[in-house]
Number of protein chains: 2
Amino acid sequence: MNLADQNLSRIAREPLWDRAHSQLREALLAGRFEPGSALVLRQLAETFGTSITPVRDAVSRLVAQGVLDQGPRNSALVPDLKSSALTDLMVVRTELEGRATREAAMKACAADVDALEVLLADMRRMIEKRRLDTYLDIHRRFHFGIYALAGIPILLEMIENLWLRCGPILSFVVPQYVVSLKGTDHHQAALDAIRLRDGTRAEAEIVADIEEAGAYLLGLADGTGRIRRPHEAPAGAR
Amino acid sequence: MNLADQNLSRIAREPLWDRAHSQLREALLAGRFEPGSALVLRQLAETFGTSITPVRDAVSRLVAQGVLDQGPRNSALVPDLKSSALTDLMVVRTELEGRATREAAMKACAADVDALEVLLADMRRMIEKRRLDTYLDIHRRFHFGIYALAGIPILLEMIENLWLRCGPILSFVVPQYVVSLKGTDHHQAALDAIRLRDGTRAEAEIVADIEEAGAYLLGLADGTGRIRRPHEAPAGAR
DNA sequence: TTGTGTTATTTGTTATAACAAACGACAAGT
DNA sequence: ACTTGTCGTTTGTTATAACAAATAACACAA
């Protein structure tokens with residue numbers, strides 16, 4: 001008998017620490033962890049229903065990636081971004097995401113741009129429905145959709161790392177802000193520029209997008225430089 | 001009795017996995033691991049005289065940082081850089097190290113530049129003595145000395161990560177090449193530009209330095225794109 | 001000789017227990 | 001009231017053993 005055409009899919013091997021890592025990543029990116037709070041191994045292990053070994057592995061990786069801070073006694077803390085750290089992150093983000101956008105503009109074909117245009121339409125729909133969480137998710141896919149077009153895996157990886165670092169405060173951008181931004185839609189402008197193969201212009205738009213969001217977040221800082229969640233948006237924190 | 005002025009230094013807490021991590025980092029950066037070879041946990045554990053738990057931790061972190069590749073069965077492999085991966089790395093390096101240099105030029109004071117000038121002199125001495133390993137070490141300190149002046153910790157951290165990724169093939173730059181490069185000393189030129197607060201010029205010089213080294217390494221690629229160690233330089237590999 | 005199933009070995013994964021450092025509560029002394 | 005020492009609890013670290021998946025070696029059959 002012939003084994004082909006059986007529609008059997010490859011069985012993926014995914015260790016426990018890998019799944020724990022993914023879940024923590026996701027939660028961080030969605031802002032479901034309170035900045036400054038500590039991640040306790042035994043506590044997480046109980047939540048996941050595993051021993052501490054795999055969670056220790058996952059947390060350890062996050063710390064190694066700079067996504068989590070290490071507090072006293074090598075405990076893992078959800079980063080509580082200060083203004084200066086945020087400013088620094090923005091510098092690196094504009095540099096890397098700008099470059100990725102420029103490369104993307106040179107390599108993108110019409111179909112690529114069309115696919116992104118769909119995401120853009122979805123984003124507008126989500127804003128109108130005030131669905132902040134799904135908006136943020138599509139927003140992320142839009143950005144990374146552009147960066148993926150650059151075709152430079154390492155660059156993509158590092159940008160992902162930067163977003164993870166911003167994760168805990170990423171959800172602080174409230175719907176009001178997103179809506180008010182509609183006047184100057186850098187996303188649309190960047191996409192238009194990519195379609196026209198204008199790398200410089202596309203880069204400038206993405207950089208402007210990043211810097212506007214950064215400026216907004218910087219405006220949330222209190223006296224000590226801590227970026228604080230705006231009170232009008234609980235955002236399902238935990 | 002007064003506790004001050006007892007000349008007691010702070011007792012550093014350094015877990016086993018941390019020391020293992022440091023040692024592996026160092027070895028990678030010095031090119032003491034053969035590209036493509038596998039790091040075996042129990043083997044390393046025996047070398048370090050510990051159980052596999054701390055080495056697993058250390059290796060796991062290195063993989064999370066992208067410094068080690070993960071092969072089949074989640075084993076850790078010393079990356080065997082292909083031409084394309086090297087090209088990509090160079091893109092990110094020029095972007096990040098270029099920006100860091102520009103920032104450094106704006107913030108450096110005379111004393112900072114003088115300190116770097118000393119390292120530059122040391123480098124020349126090491127070239128003449130054909131002490132490749134110490135040359136590479138000082139060379140690294142010179143570069144990071146510049147980048148540290150930018151005063152952006154996150155940027156520094158990411159650049160360090162990029163160097164770690166290049167680590168295994170970094171020692172492939174043979175003395176002959178380094179010497180032949182003396183005609184166009186980008187290091188000196190960059191430092192001069194920094195002293196003159198010419199950020200644009202300094203950035204260009206550092207970028208040129210990176211790209212020249214990159215082009216040299218790219219020239220070592222064989223038919224499959226693998227970067228191979230030049231036969232005339234065993235470089236104490238193991 | 002070639003292909004195939006079996007077995008032994010290697011090697012990463014996970015759970016568990018013992019351990020040690022840090023932290024907090026609390027009581028005693030000043 | 002404030003400090004200080006002690007004890008119990010919390011929590012990360014390490015070693016160890018059992019486990020499971022992959023690989024290699026090998027024997028047997030076509």
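The sequence lines fix the lettering, A, B, ..., with proteins before strands; numbering per chain opens at 1.
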Original post:
What's the CD-P distance between B/E14 and D/dT14, to the nearest Å?
Top reply: 10 Å
Original post:
Which part of the nucleic acid, if any, lies within reach of A/L39 when heavy atoms closer than 4.0 Å are counted: base, sugar-phosphate only, or nothing?
Top reply: sugar-phosphate
Original post:
Per the atom types in the model, does the base of C/dG12 pair as donor or acceptor with the side chain of B/R42 at under 3.5 Å?
Top reply: yes
Subject >> N-O pairing of A/D57 and B/R56 below 4.0 Å >> reply: yes
Original post:
Under 4.0 Å: is that the gap between some side-chain N or O of A/R73 and OP1 or OP2 of C/dC23?
Top reply: no
Subject >> Residue met sooner reading DNA chain C from 5', once B/A76 and A/P54 are mapped to nucleotides >> reply: B/A76
Original post:
Among the nucleotides C/dT13, C/dT16, C/dG12, which one has an atom lying closest to any side-chain atom of A/I52?
Top reply: C/dT16
Original post:
For B/G49 and A/V40, take the nucleotide of DNA chain D holding the closest heavy atom to each; which residue's nucleotide lies nearer the 5' end?
Top reply: A/V40
Original post:
Can you find a side chain N or O atom of A/N74 that sits less than 4.0 Å from OP1 or OP2 on D/dT13?
Top reply: yes
Subject >> Distance, rounded to the nearest Å, where B/L41 contributes CG and D/dT14 contributes P >> reply: 15 Å
**OP:** Calculate the interatomic distance between B/L62 atom CG and C/dG12 atom C1'; express it in whole Å.
**Re:** 17 Å
Original post:
With under 30° as parallel and over 60° as perpendicular, where do the rings of B/H187 and B/H143 fit, or are they tilted in between?
Top reply: perpendicular
If you look only at distance, which donor and acceptor atoms sit under 3.5 Å apart when one is on a side chain in residues 63-81 of chain A and the other is two or more places apart or in another chain?
from, atom 1, to, atom 2, distance (Å)
A/Q65, OE1, A/H21, NE2, 3.3
A/S75, OG, A/P72, O, 3.0
A/D80, OD2, A/R226, NE, 2.6

**OP:** Measure from NZ or CZ of A/R140 to the centre of the six-membered ring of A/W163 and say whether it is under 6.0 Å with the direction within 45° of the ring axis.
**Re:** no
**OP:** Find the distance B/Q70:CD to C/dT11:P and express it as a whole number of Å.
**Re:** 18 Å
Original post:
Quick one: CE on B/M123 to CG on B/L136, what's the gap to the nearest 0.5 Å?
Top reply: 9.5 Å
Original post:
For B/F48 and D/dA15, what is the distance between atoms CZ and P respectively, to the nearest whole Å?
Top reply: 13 Å
Subject >> Distance in angstrom units between B/R61 CZ and D/dG12 P, rounded >> reply: 13 Å
Original post:
Distance check: side-chain N/O of A/T53 vs OP1/OP2 of C/dT14, anything under 4.0 Å?
Top reply: no
Original post:
Roughly how many Å is it from CZ in A/R56 to P in D/dA15, rounded to a whole number?
Top reply: 11 Å
Original post:
Rounded to the Å, how far apart are B/D18 CG and D/dT14 C1'?
Top reply: 14 Å
